[in-house]
Amino acid sequence: MALPKDNFLLLSVINTKLRDFYSNLDALCEDLNEDKTDIISRLSSVGYSYDENLNQFV
């Protein structure tokens, strides 16, 4: 599955997957073969950062 190009759709998809399937961002990226730095950068560009305690971008 390709991640959405739109950063706000990406936020929704990533947070849903983190909530429902993955214990942390590293596990998600490894399983989906995605670049963690790219996801963090894209979501940072729209004002979100990863909170390890919540396991969500907030």
Side-chain ([X]) to main-chain ([Y]) donor-acceptor, under 3.5 angstrom:
{"X": "Arg42", "Y": "Phe8", "answer": "no"}
{"X": "Thr16", "Y": "Ser12", "answer": "yes"}
{"X": "Asn15", "Y": "Phe57", "answer": "yes"}

To the nearest 0.5 Å, tell me how far [X] [atom1] sits from [Y] [atom2].
{"X": "Leu25", "Y": "Lys36", "atom1": "CG", "atom2": "NZ", "result": "5.5 Å"}
{"X": "Asn33", "Y": "Leu28", "atom1": "CG", "atom2": "CG", "result": "11.5 Å"}
{"X": "Gln56", "Y": "Asp51", "atom1": "CD", "atom2": "CG", "result": "9.0 Å"}
{"X": "Leu43", "Y": "Ser49", "atom1": "CG", "atom2": "OG", "result": "9.5 Å"}
{"X": "Lys17", "Y": "Leu32", "atom1": "NZ", "atom2": "CG", "result": "5.5 Å"}

Subject >> Trace of the side-chain contact (heavy atoms from CB on, under 4.5 Å) decision for Asn24 with Glu52 >> reply: CA-CA 7 Å; Asn24 58 52; Glu52 291 182 16; over 6 Å; no
Original post:
Apart from Leu54 itself, what residues make up its hydrophobic cluster, given side-chain heavy atom links below 4.5 Å?
Top reply: Val58
Subject >> Tyr48 OH: over 12 foreign heavy atoms closer than 6.0 Å >> reply: no
**OP:** Taking the side chain as every heavy atom from C-beta outward, state whether Leu11 and Val46 have any pair of such atoms under 4.5 Å apart.
**Re:** no
Original post:
Does any donor atom in the side chain of Asn55 or Tyr22 lie under 3.5 Å from an acceptor atom in the other side chain?
Top reply: no
Subject >> Candidate pair Ile14 and Tyr50, rule side-chain contact (heavy atoms from CB on, under 4.5 Å), full reasoning >> reply: CA-CA 10 Å; Ile14 294 294; Tyr50 181 63; over 6 Å; no
**OP:** For Cys29 and Ile39, work out which heavy atoms get closest and say how close.
**Re:** SG-CD1, 3.9 Å
